[in-house]
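What follows is a single structure, written as structure tokens, with notes after it.
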Amino acid sequence: MSTDTLSSTTVSPGKLHAVLSRTPRPAVASGLAATITLGWRALLKIKHVPFQLFDVTAFPLMMTLMFTFLFGGALAGSPREYIQFLLPGILVQAIVFITVYTGVGLNTDITKGLYDRFRSLPIWQPAPIFGALLGDVLRYGLAALMVITLGLILGFRPEGGVPGVLLGTALVLVFAFSLSWIWIIVGMLVKTPESVMTTSFLFLFPLTFASNIFVDPATMPGWLQTVVSFNPVTHLATAARGLMHGQQVLASIAWVLIASAIVTAIFAPIALRMYYKER
Amino acid sequence: MTPAIEITALAKSFGATRAVNGIDLTIARGSVYGLLGPNGAGKTTTIRMLATLLRPDAGTARVLGHDIVREAGAVRAKVSLTGQFASIDEDLTGQENLVLVGRLLGLSWRDARVRATELLGAFALTEAATRQVRTFSGGMRRRLDIAASFVVTPEVLFLDEPTTGLDPRSRNQVWDIVRAIAAEGTTVLLTTQYLEEADRLADRLAVIDHGRLIAEGTSRDLKSSVGANTLHIQLVTTEDQSRAREQLTRALDAEVHSGADTCSLSVTIADVKRVADALAALSAAGIDIAEFSLGQPSLDEVFFALTGHPAQPTASQDSPAVAQETGT
Ligand SMILES: Nc1ncnc2c1ncn2[C@@H]1O[C@H](COP(=O)(O)OP(=O)(O)O)[C@@H](O)[C@H]1O
Ligand SMILES: [Mg+2]
């Protein structure tokens with residue numbers, strides 16, 4: 001089945017000559033304008049392929065339903081009780097998972113040759129990286145909206161109100177943003193978008209499950225409690241939970257911000273260095 | 001005026017692979033220059049170095065007078081690259097892809113949209129403007145990819161294997177586009193595996209093999225460098241083929257090649273006067289000839305003479321017409 005029927009209108013020599021002639025070159029877009037334009041590209045991708053949002057959020061959403069109704073009663077007395085505890089953590093898990101798409105998207109662009117075009121343009125060279133990150137923040141925001149909406153439907157009633165939920169979400173985005181740098185590096189190292197996925201899940205499953213997202217670690221064996229207490233995801237879940245329910249969690253917030261700063265300080269320069277280096 | 005491209009002793013290795021192994025080349029402005037070589041010859045590596053995407057290991061190159069390493073920004077501001085694999089976003093529409101490039105190059109949103117519409121019209125893509133690129137045929141992708149290189153008209157266009165994998169119709173459209181580009185004054189450096197394509201489009205060409213330049217000149221120069229003419233003979237019946245081959249070998253003392261079908265034979269001859277002997281020998285043996293012609297060697301023969309191995313794929317018309325149809 002050929003889709004080339006539309007091109008049966010042949011290229012017209014007259015029009016061709018007109019568009020191919022030399023015209024004055026505009027001043028190239030500033031770094032900021034280029035970054036925003038590439039962020040716009042990420043929005044268009046969400047518009048054309050909305051499934052990419054469900055793809056990664058589907059799993060956490062399923063966990064929400066399953067845990068709330070299957071174990072909610074056993075874990076917290078009632079499903080309604082449990083979802084107050086679970087939902088902020090599920091939000092953390094959903095967003096942490098979706099960060100992988102930063103690397104998947106980058107790797108797709110490299111393997112498809114799109115990065116060759118961007119890099120051969122006279123633009124501020126790291127604009128494609130920052131543009132992708134800008135798009136990702138939008139993507140994370142949309143995913144967060146989906147998770148919270150499902151939560152509200154299931155009976156999630158955050159005591160911190162709208163400001164608490166917004167602050168909690170913002171903190172999750174900050175952490176996600178720092179994590180993205182790791183996937184940018186993975187995206188440049190591996191050969192295919194699929195291997196970005198497989199590599200990342202080896203890391204993300206333990207990271208999100210060995211935490212306090214699903215249950216209070218008090219019932220865990222001692223060694224696991226130690227692991228959990230050093231997992232930044234635990235602190236992020238505690239902080240998000242606290243913010244959303246209007247509790248005082250400054251220590252956890254500080255922990256998360258410092259961890260994010262350290263991750264960014266280590267991985268962002270490596271990622272940019274690799275990006276500048278030829279491939 | 002400085003040449004469009006000056007390459008001196010350019011080299012690039014990947015591990016133990018010497019992808020480009022010392023190339024010297026000068027390309028005049030305003031010409032279509034063909035870089036001809038089989039798969040793996042080093043064409044893409046050369047082009048990516050010139051487009052500032054790869055750093056050479058050794059040697060230098062200047063594009064429009066700018067050093068590709070030290071003045072990479074100046075080079076990028078004047079050239080466009082249409083890579084071997086369509087470098088456009090599959091998820092976006094044709095229009096959105098061109099607006100994206102227009103915005104990056106500094107056009108206002110409005111100018112970027114106007115320019116995109118103009119280009120889509122000229123490249124016969126108007127009806128596909130609002131469709132996602134993943135639904136495009138191979139030919140449409142190629143045209144969009146070239147259009148993306150002309151959102152702002154470059155002084156030099158690098159065109160890497162523009163027709164590989166295209167059906168003959170799409171290929172002809174791309175050829176028309178390349179000719180129009182050259183007529184408007186953009187210097188084109190195109191790579192190809194197809195001898196016919198180089199012969200038809202390029203003013204001059206370089207043959208590269210295993211990262212080395214093995215010949216340079218017009219296609220006429222290259223043909224005469226083989227130093228011989230070719231006698232093509234079309235037999236009336238296939239049955240005569242082996243006898244005719246025998247007679248020709250004896251009369252001309254040269255190797256006889258079979259052509260595309262079993263009725264045609266070709267033989268390289270050093271001295272035109274011996275054609276008469278050859279024809280007389282066939283006539284004496286009672287072999288009927290439908291047609292004969294004396295011509296310059298084909299580029300296939302040139303390639304064979306220069307490298308000792310045939311260029312694969314033999315010729316574009318023999319390669320299966322596989323437009324990259326998408327099915328997701
Ligand atoms: N990024 C790379 N890493 C390793 N080897 C490469 C890379 N790019 C090209 N090569 C090798 O360099 C040689 C030349 O490749 P290339 O320039 O792509 O040839 P062509 O474009 O003429 O087909 C080939 O042997 C190819 O395998
Ligand atoms: Mg190539």
Side-chain angles (χ1 to χ4, degrees), chain A residues 1-30 33-38 40-42 44-49 52 105 108-109 111-125 127-128 131 277-279, chain B residues 48 51-55 73 76-77 79-81 83-93 96 100-101 103-107 111 118-119 121-128 132 135-140 143 148 150 152-153 155 167 169-170 173 176-177 180-181 183-186 323 325-326:
Chain A
M1 199 176 74
S2 170
T3 47
D4 210 8
T5 44
L6 281 179
S7 66
S8 53
T9 38
T10 42
V11 295
S12 93
K15 282 192 200 165
L16 260 184
H17 285 281
V19 300
L20 296 176
S21 58
R22 198 86 47 80
T23 46
R25 202 169 248 280
V28 128
S30 67
T35 302
I36 290 173
T37 301
L38 289 158
W40 169 72
R41 165 179 172 244
L44 287 176
K45 283 174 103 75
I46 295 175
K47 180 182 123 195
H48 287 299
V49 197
Q52 59 177 315
T108 309
D109 286 347
T111 47
K112 287 262 156 90
L114 203 59
Y115 262 55
D116 276 4
R117 173 166 310 279
F118 292 152
R119 289 178 63 230
S120 68
L121 295 177
I123 54 172
W124 181 55
Q125 291 290 292
K277 215 181 117 230
E278 61 184 40
R279 278 174 292 279
Chain B
R48 295 187 78 230
T52 76
L53 298 178
L54 277 180
R55 189 162 295 171
R76 285 185 208 120
V79 307
S80 280
L81 169 71
Q84 185 166 356
F85 305 103
S87 37
I88 37 190
D89 193 326
E90 302 239 314
D91 293 334
L92 269 49
T93 67
E96 288 164 350
L100 176 69
V101 175
R103 285 290 299 160
L104 292 175
L105 287 175
L107 297 178
D111 289 350
E118 261 173 32
L119 284 165
F123 283 77
L125 292 166
T126 301
E127 283 122 299
Q132 272 180 284
T135 68
F136 281 27
S137 71
M140 292 161 73
R143 295 205 301 282
F150 277 81
V152 172
T153 303
E155 290 180 50
D167 61 86
R169 240 184 60 82
S170 301
Q173 289 186 326
D176 287 343
I177 291 168
I181 289 170
E184 291 303 322
T186 294
E325 297 295 352
T326 46

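Predicted, not measured: the structure shown is a model, and the values here were computed from it. Side-chain atoms are counted along with the backbone in the values below, which use heavy atoms only and exclude waters and symmetry mates. Letters go in sequence order (proteins before strands), and every chain restarts at 1.
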Applying salt bridge (Lys or Arg N to Asp or Glu O under 4.0 Å) to B:Asp89 and A:Lys112, what does each step give before you reach the verdict?
CA-CA 8 Å; B:Asp89 193 326; A:Lys112 287 262 156 90; over 6 Å; no
So, do B:Leu92 and A:Lys45 sit near enough that their side-chain heavy atoms are less than 4.5 Å apart?
yes
Using a 4.5 angstrom heavy-atom cutoff, name the option from A:Gly113, A:Ala18, A:Ser120, A:Ser30 with the most pairs to chain B.
A:Ser120
Taking NZ, NE, NH1 and NH2 as the nitrogens, is one of them in B:Asp91 or A:Arg41 under 4.0 Å from a carboxylate oxygen of the other?
no
Sub-3.5 Å donor-acceptor pair from the side chain of B:Ser87 to the main-chain atoms of A:Asp116, do we have one?
no
A:Leu38 versus B:Leu104: any side-chain heavy-atom pair under 4.5 Å?
yes
Measure the shortest side-chain to side-chain distance between B:Phe123 and A:Val19 over non-hydrogen atoms and say whether it is less than 4.5 angstrom.
yes
Where does A:Val49 contact chain B at under 4.5 Å (heavy atoms): side chain, backbone, both or neither?
side chain
Hey, what do you get for CG (B:Leu100) to CH2 (A:Trp40), rounding to the nearest 0.5 Å?
6.0 Å
Can you say whether B:Gln132 sits under 4.5 Å from chain A via the side chain, the backbone, both, or neither, judging by heavy atoms?
side chain
Using side chain to side chain contact (heavy atoms under 4.5 Å, CB included), reason through A:Thr108 and B:Glu90 one step at a time and then give a plain yes or no.
CA-CA 10 Å; A:Thr108 309; B:Glu90 302 239 314; over 6 Å; no
Rounded to the nearest 0.5 Å, what separates atom CG in A:Leu20 from atom OG1 in B:Thr153?
6.5 Å
Pair B:Leu105, A:Ile123 - check side chain to side chain contact (heavy atoms under 4.5 Å, CB included), show working.
CA-CA 7 Å; B:Leu105 287 175; A:Ile123 54 172; 5.6 Å; no
Contact origin within A:Leu16 toward chain B - heavy atom pairs under 4.5 Å
both
Looking at every heavy atom in both B:Arg103 and A:Ala29, which two are closest together, and how far apart are they?
O-CB, 3.4 Å
Between B:Gly106 and A:Pro26, what is the shortest heavy-atom contact and its length?
O-CB, 4.0 Å
By a 4.5 Å heavy-atom criterion (distance strictly below it), what part of A:Ala34 contacts chain B: side chain, backbone, both, or neither?
both
B:Glu96 and A:Lys47 ion-paired at < 4.0 Å
yes
